[in-house]
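Below is one structure, written out as structure tokens; comments come after it.
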Amino acid sequence: MTAALAAPVLGSLGTLSGCGTARPQPLPALPGPAPDDAPPPAPREFRAAWVATVANIDWPSRRGLSDAAQIAEIHAILDSARALRLNAIVLQVRTSADALYRSTLEPWSEYLSGVQGQGPGYDPLALWIEQAHARGLELHAWLNPYRAKQSGGKSAAAPTHLSRTRPEWVKKYGDQLWIDPGEPAAAEHTLAVCRDLLTRYAVDGLHIDDYFYPYPVQDAAKQDIDFPDEPSWQRYLLGGGKLPRADWRRDNVDQLVRRMYELVRALRPTARVGISPFGLPRPDLRPAGITGFSQYDKLYANVEHWMAMGWLDYVAPQLYWPRAQKPQAFEPLMRAWQGVNPLGRHMWPGLFTSRAGNEAEGWPVDEIPAQVDLMRSAPATGGHLHFSMVALLKNRRGIAGTLRDGAYAQAALAPATPWLSAPGCEAPALSRESDGSLRASVAGTPARCFALWRRPPAGVWRFDVLPPDGRIAQPVPGEALVLCAINAIGDEGARAAFVA
């Protein structure tokens with residue numbers, strides 16, 4: 001990590017030294033700047049990183065860390081994200097019918113202690129949410145809906161794991177275990193997990209990735225081995241089902257996606273549903289020259305249908321190829337996904353940042369910034385996600401520093417989500433603390449964060465995003481400040497102007 005990225009995060013929570021019991025002094029709000037001198041619109045771009053817990057890719061760095069070491073890594077990741085000017089973290093909380101949070105439905109993940117069912121002395125997800133929000137970052141909970149054991153899993157299954165409590169749902173396929181999507185009761189269980197997360201945790205989103213039916217396993221002759229769902233298929237037929245088998249499989253996934261979206265809208269209306277599918281669209285919807293794996297035919301994921309039906313709030317196709325790789329070229333694929341979005345939902349591609357940060361065979365360091373530039377060109381995508389956080393945290397090959405000093409030189413708010421609704425925020429107040437710092441606050445609807453434009457005397461406007469504690473350190477005397485509070489779906493509240 002560079003020295004710049006390791007610097008303390010501005011606006012962190014805590015008691016200010018020297019404040020004592022002195023009462024903050026309010027600053028009077030002023031008329032806003034003249035229209036020809038007003039601040040520019042707030043920059044908007046979803047900037048997120050996946051934090052993968054499976055196989056200890058990102059966090060915790062290894063199994064068996066002490067609680068204190070795990071917590072220190074949480075703080076380091078979130079401080080790095082804040083310093084890099086990201087605005088969201090997508091945290092994997094269910095890797096294999098397990099939990100990285102306190103759950104009565106599924107056992108603790110082995111990627112914490114090394115033993116499935118053995119948990120820490122704190123609730124990791126609760127701490128992740130608390131600390132992310134304190135830094136003004138969104139926290140989206142990422143689930144794998146069907147995987148029951150990953151190939152790198154080493155622990156014996158806990159007594160409460162589905163492979164032991166409901167073995168008829170779980171199928172061995174290759175060197176992994178998978179929950180059969182054709183088992184209706186298994187789908188109900190996954191929805192119960194979602195319901196539990198939505199009701200007990202203040203997540204900003206629920207997120208699933210590209211693992212629907214599993215990627216095909218091949219036999220010695222290089223032929224795909226069919227997924228072993230014969231019992232659920234036969235029950236479907238005996239019940240009068242008429243769909244061909246491939247369409248039935250797609251419908252199983254469709255219904256889970258639909259019901260998950262409806263559940264989020266009912267239980268946590270401001271949370272967004274995100275899906276990060278494999279990066280190639282359906283074969284008949286691809287640009288000329290684009291070839292490769294069909295998730296529609298192999299994973300039974302009809303992503304374009306979900307977009308047309310509005311069963312997601314953002315799609316993050318995994319565009320894990322460089323610009324020059326013609327059969328999977330980045331820009332044509334990005335444009336293709338933009339073209340299958342009739343409802344105008346957010347389309348935020350996933351970037352293979354860890355490949356750019358690979359010391360041995362990494363892409364050129366300018367590949368990821370160049371992809372960001374392409375996404376900002378018309379028509380812009382409005383955001384992106386990095387896979388994965390470890391490359392940014394460790395600043396591999398300087399990738400984090402390159403982004404921070406270049407593409408992320410200015411902070412940005414996440415785009416608003418206009419098809420959702422939430423109470424708006426009032427205009428903020430500003431007060432001076434006894435140590436000379438300023439603090440923004442808002443009555444009524446709490447702020448997810450504050451948008452701040454500031455201009456020193458004889459200077460130009462520059463933009464920043466404040467965490468919800470609203471602290472502005474070391475204002476310049478006479479500096480013009482324009483503030484607004486941002487609500488749960490990214491809407492700006494009324495602006496207020498001040499002079500420091």
Side-chain angles (χ1 to χ4, degrees), residues 4 7-45 47 82-85 87 133-137 404-405 408-416 423-500:
V9 176
L10 179 64
S12 59
L13 295 176
T15 303
L16 295 174
S17 60
C19 284
T21 58
R23 181 174 298 175
Q25 298 300 307
L27 273 68
L30 303 172
D36 60 352
D37 192 34
R44 295 274 185 166
E45 185 172 67
R47 299 174 184 168
R82 170 72 180 165
L84 187 54
R85 303 188 183 96
N87 47 42
H133 287 175
R135 291 162 174 80
L137 300 167
R404 186 182 190 279
D405 296 338
Y408 297 165
Q410 179 174 246
L413 297 169
C425 292
E426 297 181 13
L430 195 62
S431 58
R432 191 182 302 277
E433 305 286 333
S434 61
D435 67 350
S437 67
L438 303 179
R439 194 176 297 273
S441 60
V442 64
T445 300
R448 168 175 282 167
C449 59
F450 291 93
L452 168 66
W453 293 262
R454 55 194 308 172
R455 186 181 65 186
V460 297
W461 290 109
R462 52 195 177 88
F463 180 77
D464 200 2
V465 177
L466 300 180
D469 79 329
R471 183 168 181 260
I472 305 171
Q474 300 176 335
V476 175
E479 184 175 15
L481 304 169
V482 175
L483 281 158
C484 70
I486 308 300
N487 75 352
I489 59 170
D491 295 335
E492 293 184 25
R495 294 184 180 185
F498 307 88
V499 174

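Hydrogens, waters and symmetry mates are skipped; everything else that's a heavy atom, side chains included, is used.
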**Message:** Go through it in stages, so that I can follow the logic: the residues are Val465 and Ile486, the test is side-chain contact (heavy atoms from CB on, under 4.5 Å), and I'd like the CA-CA distance, side-chain angles, deciding distance and then a yes or no.
**Reply:** CA-CA 10 Å; Val465 177; Ile486 308 300; over 6 Å; no
**Message:** Using side-chain contact (heavy atoms from CB on, under 4.5 Å), reason through Leu438 and Glu479 one step at a time and then give a plain yes or no.
**Reply:** CA-CA 12 Å; Leu438 303 179; Glu479 184 175 15; over 6 Å; no
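Between the CZ atom in Arg404 and the CZ atom in Arg85 there is a gap of 4.5 Å [rounded to 0.5 Å]. Here Arg439 contributes atom CZ and Arg432 contributes atom CZ; the two are 13.5 Å apart, rounded to the nearest 0.5 Å. The CG atom of Leu481 sits 5.5 Å away from the CD1 atom of Ile472 when rounded to the nearest 0.5 Å. Between Phe498 atom CZ and Leu430 atom CG the span is 5.0 Å, to the nearest 0.5 Å.
A distance-only check finds no donor-acceptor pair linking the side chain of Asp469 to the backbone of Ala134 [under 3.5 Å]. Counting only distance, with no hydrogens or angles, the side chain of Asn487 and the backbone of Cys425 share no donor-acceptor pair below 3.5 Å. Side-chain atoms of Arg448 do not come within 3.5 Å of backbone N or O of Gly490 as any donor-acceptor pair. A donor-acceptor contact shorter than 3.5 Å is absent between the side chain of Arg495 and the backbone of Val482.
Taking every heavy atom of both residues into account, Leu84 and Tyr408 meet most closely at O-CD1, 3.4 Å. Taking every heavy atom of both residues into account, Ala411 and Phe463 meet most closely at O-CD2, 3.6 Å. The minimum heavy-atom distance linking Ser437 with Ala473 is given by the pair CB-CA, 4.3 Å. In terms of heavy-atom proximity, Ala485 sits nearest to Glu426 at CB-O, 4.2 Å. Taking both residues in full, the closest heavy atoms of Phe450 and Pro468 are given as CE1-O, 3.6 Å, listed atom of the first, atom of the second, then distance.
Considering only heavy atoms from C-beta on, Pro39 comes within 4.5 Å of Pro33 through its side chain. With contacts defined as side-chain heavy-atom distances shorter than 4.5 Å, the pair Cys484/Trp453 qualifies.
In this structure, Gln474 places its CD atom where only 12 or fewer heavy-atom neighbours from other residues, nucleotides or ligands lie under 6.0 Å away.
Screening Leu137, Leu466, Leu413 against Cys449 for a side-chain contact (heavy atoms from CB on, under 4.5 Å) leaves a single residue, Leu413.
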